[in-house]
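Notes follow once the structure below has been shown.
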Amino acid sequence: MTPATVRELSDTIASANGPLRILGGGTRQALGECCLGAPLGTANLSGITLYEPEALTLVAQAGTPMAELQAVLRSENQQFAFEPMDHRQILGSGGNPTLGGVVACNVSGPRRLSAGACRDSLLGVSLVDGRGNIIKNGGRVMKNVTGYDLVKLMAGSYGTLGVLTELSFRVLPIPEASATLCLHQLSVGQASAVMARAIGSANEISGATYFDHTVHLRIEGLEASVAHRLGVLKDLFHEHEISVETAPDAHAEIWRGIRDVTPLCEKRGNIWRLHIKPSDAPEVMNRLSAAEIRYDSMLDWGGGLIWLCLSRDFDLRKSLEGIAGHASLIRGSGFAAVPPTSNAVARLSAGLRGKFDPRGILNAGILG
Amino acid sequence: MEMPIPDQAVLDNKTKIVALLKEVLPPHAVIHHISETRAYECDALTAYRCPPMIAVLPETTQQVSDVLKICHAHNVPVVPRGSGTSLAGGALPTADSVVLGVAKLNDVLETDYKNRFVRVQSGRTNLSVTGAVQEQGFFYAPDPSSQLACAIAGNIGMNSGGAHCLKYGVTTNNLLGVTIVMMDGEVVEIGGPYMDANGLDLLGVICGSEGQLGVVTEATLRILHKPVSARPVLVAFDENEVAGACVAEIIRAGVLPVAIEFMDRLCIETSENFSDAGYPDANALLIIEVEGAEVEIEEQLEKIINIAQRHNPIEIRQSKSEEESAKIWLGRKSAFGAIGQISDYMCLDGTIPVSKLPYVLRRTAELSEEYGLRVGNVFHAGDGNMHPLILFDANKKGDLERCEAMGAEILRLCVEVGGCLTGEHGVGVEKRNLMFDQYSQEDIEAQLWVKDVFDPKWLLNAAKVFPLAATQTRRAR
Ligand SMILES: Cc1cc2nc3c(=O)[nH]c(=O)nc-3n(C[C@H](O)[C@H](O)[C@H](O)COP(=O)(O)OP(=O)(O)OC[C@H]3O[C@@H](n4cnc5c(N)ncnc54)[C@H](O)[C@@H]3O)c2cc1C
């Protein structure tokens, strides 16, 4: 089923008599728990509804391919600030990512550190809930506190509250210049300290990652500003072995790789995604080392996000006891993919799902 | 203002409820004499007043929980209150309610510069959050003009913004976690000192829910390192519309100032008389602020001034010192107070797409003629968050009603051009009845579901946000 209009989608859902599996471009179907149902595709709900570059606003239907949107934005020298990752490489999936999938999974990349997550750029949503009701919330303006903010609620809801049909976004200019400062041969402890120091300075770091013993710090903005901050950072870290990348193509390549977690893609094992307090990163690594397992890792968001590749039988969640945050299994098996929530959060979430989808037919079970 | 008929059973039960509250709170924290409850009869929307049955000032999350348990058991409506600076009547009590003020919960619980967050109790004022971290060079970004008085609790309640949110976002973009007490007294932690809370984004819904989903007692807030420095430039124009066009072009050019503020003639003149800011004689002016190190400031200003020059400005005034910067901001910061000196006013808060600025300003001027009420415009132009100030005379019969009718027309206009009723002040009681101008029955119903889940008895601030008729059956349960 791939309804061609919102009306049709509404009828399809209202008359469904079993579970539905929502399908955008199909590139992220492996995220979340295993979830079965008759495929309900958004491919025919596609196209840009409104694009006003001077107001930094883009409205598009949920089935619109990301590639199409990114090309249109690029032609006006703008972009999605939250730098959504492409999951195809790490999940080994095919298809073309759509806007709806990005929002449903609240997909954000390295620039989440400074520009916020997908949900922070999202201004408005339209959706069809589990009974077939057509619902909208938010709008297309940057500041909007009219009624409850269901926009954020929809971002990251994995289709469990409704099928997204149209989304409006705040977009931002592509920075005029960018540069990456690399600091080499660092331990995770040193890396953590370096990143905290850089992000906690006035230099507006828009990417801070660590892998292969190297910290990458990204700065973006107007030309003179980037040059200035690069200078400040070089001074700040002059004791370290550093190198700088400013060539636009090479630079873009580095960050595309980080965004898509390329360093771990070819590794074998379970792939985990861990959200923690950045300064806990060294402790996490210590515990993994103490467990004497082989692991590969990539730190992003200054250590607040850790990607791990671990042997399939290793219970990461158990080893992290006492560390605030949560871990999702992105690829692999043996453990729940979705981290458990507190009882209260689980109860409230179940309550909301019961309201938006009382028959429990939309992506049933995907969030556990 | 229509408010629900007070529940007589609750009013009859007052003595017992006071006694129960005194069992869980220090005696001075339970306020129930009419001479004292009057202090809580309104917020900054002073046109509407109603003393609550009781006001309580708990000092711990546990006490908040105890109070809510009692109210829950006895079906007593509760109105959460921060500092009472809401402009929408968000903290306006009903006669049968307990106002739950968090003013005494004002400690800093944790500051963590390595991880760039601060955890505070929710009654702490906005400015004093920055106060707690500025020695280390940090600040809390959302900066409502009321920041000296308003509390983080109210900021979360309203998802408040500020002059600098063009760059830094509003409260919701800077909030990492909360401790919230549910109406039945259960204490719930959501999010924490890491990015992206686990599970459905409940934090996102709680922020801006106007005290209807739970009582927030603690908050984990993102802090940032202060920029090296900041500097405004003032650009004056002959016409509102040209100023509007200039704003659109600056944004388009890829410069992202931290703030772009707009003032029209009435506001310019009034604040000039009030504050001696030395503003030029102009129909419109923009204050554009940029941040960074000296070279960065100069680079941005150069681009901005290049653009401004293409729009026939009367004057471009670049600040050359701290004093000059302060002077440029002085008039803007005193605009509301200055207008308040010359007249009663109602402050609207609709947001519009930036591209519609010229049209909306023109229509507002026409409406001002039609209604015979003066309007001043001072607002955050970069994000289209308008603040038309409608001047009226509270002592003149019918003036307030006329003002409200005109306000409603302006807000409908905002919705019509693709914007919304309120950009940062919230709906409260003030804009309740306009909700259906922006949302359909289904849209509203979906929002009511959220309240059903968080507060099944509909006791928390239940007379707000939605038209009373739309919530009647739920409130009566
Ligand atoms: C002069 C002036 C200038 C202003 N400028 C701005 C501005 O620039 N930007 C802006 O956004 N606003 C502005 N405001 C509006 C107001 O200051 C904000 O809405 C502010 O956030 C309210 O905070 P408060 O602590 O006073 O909250 P209150 O007025 O006490 O309450 C506001 C809302 O939050 C709820 N609430 C309070 N405490 C809690 C709690 N613990 N848990 C759950 N809900 C709670 C209340 O029920 C109510 O609905 C201004 C107001 C004035 C008077």
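All figures in this text were calculated on a predicted structure; none of them were measured in a lab. No hydrogens, no waters, no symmetry mates; every other heavy atom, side chains included, goes into these values. Each chain gets a letter, A, B and so on, in the order the sequences are listed, and its residues count up from 1.
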So which residue, [options], ends up with the most heavy-atom pairs under 4.5 Å with chain A?
{"options": "L200(B), L421(B), N174(B)", "result": "L200(B)"}
{"options": "G199(B), P193(B), G208(B), G292(B)", "result": "P193(B)"}
{"options": "E291(B), R432(B), K167(B), M182(B)", "result": "K167(B)"}
{"options": "Q212(B), K356(B), E445(B), E249(B)", "result": "Q212(B)"}
{"options": "Y439(B), F138(B), W449(B), Y168(B)", "result": "W449(B)"}
{"options": "E299(B), K451(B), E442(B)", "result": "E299(B)"}

Residue part contacting chain B, namely of [X], when any heavy atom lies under 4.5 Å:
{"X": "L367(A)", "answer": "side chain"}
{"X": "E76(A)", "answer": "both"}
{"X": "A117(A)", "answer": "side chain"}
{"X": "S201(A)", "answer": "backbone"}
{"X": "N343(A)", "answer": "neither"}
{"X": "I199(A)", "answer": "both"}
{"X": "T160(A)", "answer": "side chain"}
{"X": "F356(A)", "answer": "both"}
{"X": "E204(A)", "answer": "side chain"}
{"X": "R119(A)", "answer": "side chain"}
{"X": "P340(A)", "answer": "backbone"}
{"X": "L113(A)", "answer": "both"}

If we only count heavy atoms from C-beta on, is the [X] to [Y] side-chain gap below 4.5 Å?
{"X": "K136(A)", "Y": "Q438(B)", "value": "no"}
{"X": "E52(A)", "Y": "R252(B)", "value": "no"}
{"X": "Q300(B)", "Y": "L222(A)", "value": "yes"}
{"X": "D383(B)", "Y": "V141(A)", "value": "no"}
{"X": "S192(A)", "Y": "K114(B)", "value": "no"}
{"X": "L256(B)", "Y": "L172(A)", "value": "yes"}
{"X": "S225(A)", "Y": "V295(B)", "value": "no"}

Close aromatic pair by centroid cut-off 6.0 Å: F466(B) and Y148(A): yes
Checking side-chain polar atoms at under 3.5 Å, does N115(B) have a donor or acceptor matched by the opposite partner on K277(A)? no
Polar side chain donor-acceptor pair, E54(A) to S355(B), under 3.5 angstrom: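 Their side chains do not contain a donor-acceptor pair, so the 3.5 Å distance test is not met.
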Where do [X] and [Y] come nearest, in terms of heavy atoms and distance?
{"X": "N198(B)", "Y": "V345(A)", "answer": "O-CG1, 4.5 Å"}
{"X": "R116(B)", "Y": "P278(A)", "answer": "NH2-CG, 4.1 Å"}
{"X": "R140(A)", "Y": "G418(B)", "answer": "CG-O, 3.3 Å"}
{"X": "G200(A)", "Y": "H225(B)", "answer": "O-CD2, 2.9 Å"}
{"X": "V465(B)", "Y": "G147(A)", "answer": "CG1-CA, 4.0 Å"}
{"X": "L202(B)", "Y": "S349(A)", "answer": "CD1-OG, 4.3 Å"}

Is chain A contacted by the side chain of [X], its backbone, both, or neither, given a heavy-atom distance below 4.5 Å?
{"X": "A197(B)", "answer": "backbone"}
{"X": "I444(B)", "answer": "neither"}
{"X": "S160(B)", "answer": "neither"}
{"X": "M435(B)", "answer": "side chain"}
{"X": "N159(B)", "answer": "both"}
{"X": "E189(B)", "answer": "backbone"}
{"X": "L166(B)", "answer": "both"}
{"X": "H425(B)", "answer": "backbone"}
{"X": "V170(B)", "answer": "side chain"}

Given the options N137(A), T146(A), T57(A), I134(A), which has more heavy-atom pairs under 4.5 Å with chain B than any of the others?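 Winner by heavy-atom pair count: T146(A).
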Counting heavy-atom pairs closer than 4.5 Å to chain B, which one of P175(A), A350(A), S279(A) comes out on top? S279(A)
Could you check whether [X] pairs with [Y] (Lys NZ or Arg NE/NH1/NH2 to Asp/Glu carboxylate O, under 4.0 Å)?
{"X": "R229(A)", "Y": "E296(B)", "value": "yes"}
{"X": "R112(A)", "Y": "D196(B)", "value": "yes"}
{"X": "K303(B)", "Y": "E176(A)", "value": "yes"}
{"X": "D201(B)", "Y": "K152(A)", "value": "no"}

Please indicate whether E294(B) has more than 12 foreign heavy atoms, meaning atoms of other residues, nucleotides or ligands, lying under 6.0 Å from its CD. yes
Run the side chain to side chain contact (heavy atoms under 4.5 Å, CB included) check on D349(B) and K143(A) step by step: do they pass? CA-CA 10 Å; D349(B) 170 49; K143(A) 279 172 79 183; over 6 Å; no
Give me the one residue out of D149(A), L348(A), L150(A), V151(A) that meets side chain to side chain contact (heavy atoms under 4.5 Å, CB included) with V205(B). L150(A)
